[in-house]
Amino acid sequence: MEYNHRDIESRWQNYWRENKVYKTELDKSRPKYYVLDMFPYPSGAGLHVGHPLGYIASDIYSRFKRLQGFNVLHPMGYDAYGLPAEQYAIQTGQHPEKTTTDNIARYRSQLDRIGFCYDWDREVRTCDPKFYKWTQWAFMKMVESYYDTALDKAKPISKLIEHFEKQGTEGVHAACSQELDFTADEWKAMDEKQKSDTLMNYRIAYLGNTMVNWCPQLGTVLANDEVSEGLSIRGGYPMEQKLMYQWCLRVSAYAERLLKGLEELDWTDSLKETQRNWIGRSEGAEMRFPIAGKDVELEIFTTRADTVFGVTFMVLAPESEYVDIVTTPEQRKEVDAYLDSIKHKTERERMIDKKVSGVFSGSYAVNPLTGKEIPIYISDYVLAGYGTGAIMAVPAHDSRDYAFARHFNLPVIPLIEGCDVSEQSFEAKSGKMVNSSNGDFSLNGLEVKDAIAATKKYIEEKGIGKVKVNYRLRDAIFSRQRYWGEPFPVYYKDGIPHLMPESALPLLLPEVDKYLPTETGEPPLGRAKNWVTPEGYPIELNTMPGFAGSSAYYLRYMDPHNDEALVSKEADEYWRNVDLYIGGTEHATGHLIYSRFWNKFLYDLGYVVEQEPFKKLINQGMIQGRTNFVYRIKDTNTFVSLGLKDGYDTTPIRVDVNRVSNDILDLEAFRAWRPEFKDAEFILEDGKYVCGWAVEKMSKSMFNVVNPDDIVERYGADTLRLYEMFLGPIEQSKPWDTNGIDGVSRFIKKLWGLFYKGDNLLVDDSKPSPEALKAVHKLIKKVTGDIETFSYNTSVSAFMVCVNELSAIKCHSREALEPLVIVLAPFAPHVAEELWHSALAHDTTVNDARWPEWNEEYLKESMVNYAVSFNGKARFNIQVAAGTPQAEIEDMAVKNPSSEKWLEGKTIRKIIFVPNKIVNIVVG
RNA sequence: GCUCGAAUGGUGGAAUGGUAGACACGAAGGACUUAAAAUCCUUUGGUCAUUGCGACCGUGCGGGUUCAAGUCCCGCUUCGAGCACCA
């Protein structure tokens, strides 16, 4: 039988599907293992060869764990809500559901051809009402909860209401948008609207007026992680800051737990670091500065409390609510003009524009330590969203304050001994303090670190301020002015938001005539007919963002058909959390934060048993494209090969990589590619046209997209799988380069050659030779170790070495070949399955085999090679029988004729002996 | 600017502090063949030597620790990633 990948692969894929070989059941008698891929957004472009990289890696691990006897949960689904389908719907009028369903079908057929061991009975789609019922349900739970900062967990909002009824805000420990202060009587006196607004200040999912990232082109707000450098990640459109009344999630309440939780996770350091940066914890102090002549205090946040004696002015963010209070009538015009100029700038313009700008408010603040009056300015270099939106400016020790002070001619007071602030600020946090005393309290002579601590202590004692930890992490904006997302189970009665009853879930997404905002500027749901409750109250028009559906999908896979709960107690307690999660780094500050938050929330309420959703996480690298170029001689239709192009004035043109093989252009395919190349002429080198190449993002516009279907068709899924793993370390980004796939293809043919020669079965029951056993057991040991460390590339090499060795000694012994097939099965399941059945004559699937143990006995060498080195420099090798005593080997090394010249006229100082490796003779 | 990571042949990449370059691609030469494809064999880090053994140099740069450094330490350079008027 010849190796025929088409035949073998379709046969086994059918067999697996029809017999539900990979169906997983809850089985308490076996240990569980949960392997998860980040589920894909089914885009219209289909999969390219980069997408399956992580899927192949997780598939190998799943199959490996299964062979080791674990009950493996390995599901797949689709992150089906999202902007591209909706943009497409706007352009074509086609319902996004239709596009999405079509794309999913395409993805599925592409995935199926690669031979994954997913349990498709557990598939989820975020746009499926049976699924999004639980997204809506979790949102409702968040609305009905608040975060107790004393217990450090979410609790039902009813508990908070009880507290208000009894004591007002007295003794309340709750995360909130704004510190409130009212008595029980004041609470009771509030009307329904006031109570609703007050509770919104505490709910974990809340409606709030917040500064949001507004994207006019997309017509929606976006979360911080969907924006980069003032541009939307999707589409790259400019963003504006806008105050809007939006649903938000109080992720910030979980900042400390999200940070702490990282410690116990088996993630890469760089990914943890990314999350730490994003959470952005900074310890400092909050301090109050009275405003001269007014009964108001300015609150600021600083990490450098020690520099309070060097404060020469204060600055407010333009959006700060204090701006109105501190602006004097004389300065009103100037301030308004400044605020106006800021408003007209986009977020991006504000970021690019590093020019110092600002305006004096007319008021002065009083430094609480020195009693001195200092001017209050307004400037956009202070951010409204961080800290209190106001700062104390210490130009001597902060570069931004320094630039501002120089521009407005404000005094600069150096506070650290010997520092030079004539040209720039001194930002190092070391040195001895000077100029820092008010008679009563002095920091002079202290190290910066001690001065910070001393100041914090002092201000707390004097009631000027308090120690405070600030986080960069903001609450997540949860509303999107879009159609293709989960509707909010919220209606409005007299302008007050109410949750629908749980029995109303899932709240189905209504039909609309167009996917655009209404004429009055309302979101697309404003077009839906009868978008009201049975009682006639209007329903929320926003929809939820993409991350809503992806935040708890891993829980749903555990129990995907349950109509009573997101996940049953039993399933949750068995499957617990994801043991291995594989996906890209691009989700580091989005999905991977939101999921952790969501999970911790569900944990607080007792719905799940684990605090963290993803124990171990591997980031597969991106597969970049490898673009090929041809070189057209200017103003001609003649193309010159890479090696000769220097003699001509040429223009490089990207060429479809599928018309190029090993950088050699297929001339006929090129002529047929585009009408303008029909009559193309070529200047060849050695009869070939050699293309240039460059690494770029894999995309249609670069003509460098390689479709896995084509590779599977030509070489087979097993070759694709092995080759993707062979390409390099899984975590590393690398360009897709089809050059080299032949090596893997040859390997499979050689492997096949161990079992069949033509139609003859070669496998026999002879006793394998010691060399054969050694080759196979070396392989088992290597691959077992490699899989645990995800060094799949070296495993593939090990397979090649083993097969070469077995071929060389013509080993066809069943006893040696059987473990080889089992160990290969996770990597190349189709060929392994075929050999298992047809050549090794088993009637089980290879999945039912046991992962083989290696036997150290077989690995022992009869002769051992020692490198003899002098002063660490290896000079020659000696062969000694295994088990020779150390002293004898050392003696052989010294007395060897080759040693003579190295020992000549020298004395042996000592001999260092490394078992099985080296005899190092130190001479001098 | 701060933080993290990386740098090894023509290429992708191997190397628990212990003979650097496994494995693969590419290249060169050869066998088989009328020829090509396929397959197989040999060589392939550099320089010198080549009738033989070989010799020396080599893991971005400069130091250090060690009998021994691609690997550990210190100081740079370059590239990549994350954060960034975050006070």
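Proteins come first, then strands; the chains are lettered A, B, ... in the order of their sequence lines, and each starts at number 1.
- With respect to A/E283 and A/K468, no salt bridge is recorded, no charged nitrogen being found less than 4.0 Å from a carboxylate O.
- Within 4.0 Å of A/S399, counting heavy atoms only, lies no atom of the nucleic acid at all.
- When the C1' atom is used for both B/rA15 and B/rG82, the distance is 30 Å, rounded to whole Å.
- Between B/rA87 and A/Y386, a contact under 4.0 Å exists linking OP1 or OP2 to a side-chain N or O.
- For the P atoms, the distance from B/rG10 to B/rU47 is 10 Å, rounded to whole Å.
- Counting any heavy atom pair closer than 4.0 Å across all strands shown, A/N804 reaches sugar-phosphate atoms only and no base atom.
- Within a 6.0 Å radius of CZ in A/R909, no more than 12 heavy atoms belonging to other residues, nucleotides or ligands are found.
- Spacing of P atoms, B/rA27 relative to B/rU11, comes out at 15 Å, to the nearest Å.
- With both ends at atom P, the span from B/rG60 to B/rG21 equals 16 Å, rounded to whole Å.
- With a 3.5 Å ceiling on both atom-pair distances, the Watson-Crick or G-U wobble partner of B/rC23 is B/rG12.
- As rounded to the nearest Å, B/rA14 and B/rA22 have C1' atoms that lie 5 Å from one another.
- Aromatic pair A/Y866/A/F913: centroids less than 6.0 angstrom apart.
- For A/D737 against B/rU11, no side-chain N or O and base N or O form a donor-acceptor pair under 3.5 Å.
- Pairing for B/rC2 goes to B/rG82, judged as Watson-Crick or G-U wobble with the two contacts each under 3.5 Å.
- Considering only side-chain N and O atoms, A/N793 lies under 4.0 angstrom from the phosphate OP1 or OP2 of B/rA14.
- Searching all strands for a Watson-Crick or G-U wobble partner of B/rA38 with both distances below 3.5 Å returns nothing.
- For the side-chain contact (heavy atoms from CB on, under 4.5 Å) criterion with A/I911, the lone passing option out of A/V922, A/V894, A/V923 is A/V894.
- As rounded to the nearest Å, B/rU78 and B/rG62 have P atoms that lie 16 Å from one another.
- For the C1' atoms, the distance linking B/rU19 with B/rC76 amounts to 31 Å, nearest Å.
- The pairing partner recorded for B/rC53 is none, the criterion being a Watson-Crick or G-U wobble arrangement whose two distances lie under 3.5 angstrom.
- The side chain of A/R626 places no N or O atom within less than 4.0 Å of a non-bridging phosphate oxygen (OP1 or OP2) of B/rG12.
- Base pairing analysis places B/rA68 opposite nothing; no Watson-Crick or G-U wobble pair with both distances below 3.5 Å involves it.
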- side-chain hydrogen bond (donor to acceptor under 3.5 Å, both in side chains) between A/Y386 and A/S282, worked out: CA-CA 11 Å; A/Y386 184 77; A/S282 69; 2.8 Å; yes

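- In this structure, A/Q732 reaches the B/rG13 phosphate: one of its side-chain N or O atoms is under 4.0 Å from OP1 or OP2.
- Closest-nucleotide positions on RNA chain B for A/P729 and A/I921 were compared, and the one nearer the 5' end corresponds to A/P729.
- Along RNA chain B, the nucleotide nearest to A/A390 and the one nearest to A/I741 differ in position, and the one closer to the 5' end is contacted by A/I741.
- The only member of A/K774, A/K810, A/K778 that meets salt bridge (Lys or Arg N to Asp or Glu O under 4.0 Å) when paired with A/E805 is A/K778.
- Nucleic acid contact for A/R281: none, since no nucleic acid atom lies under 4.0 Å from a heavy atom of the residue.
- For B/rG64, the base is anti relative to its sugar; the glycosidic angle deviates from 0 by more than 90°.
- B/rC41 sits 43 Å from B/rG5 when the C1' atoms are compared, rounded to a whole Å.
- For B/rC76, the paired base is B/rG60 (Watson-Crick or G-U wobble, both distances below 3.5 Å).
- Nucleotide B/rC32 forms a pair with no other nucleotide shown, judged by Watson-Crick or G-U wobble geometry with both contacts under 3.5 Å.
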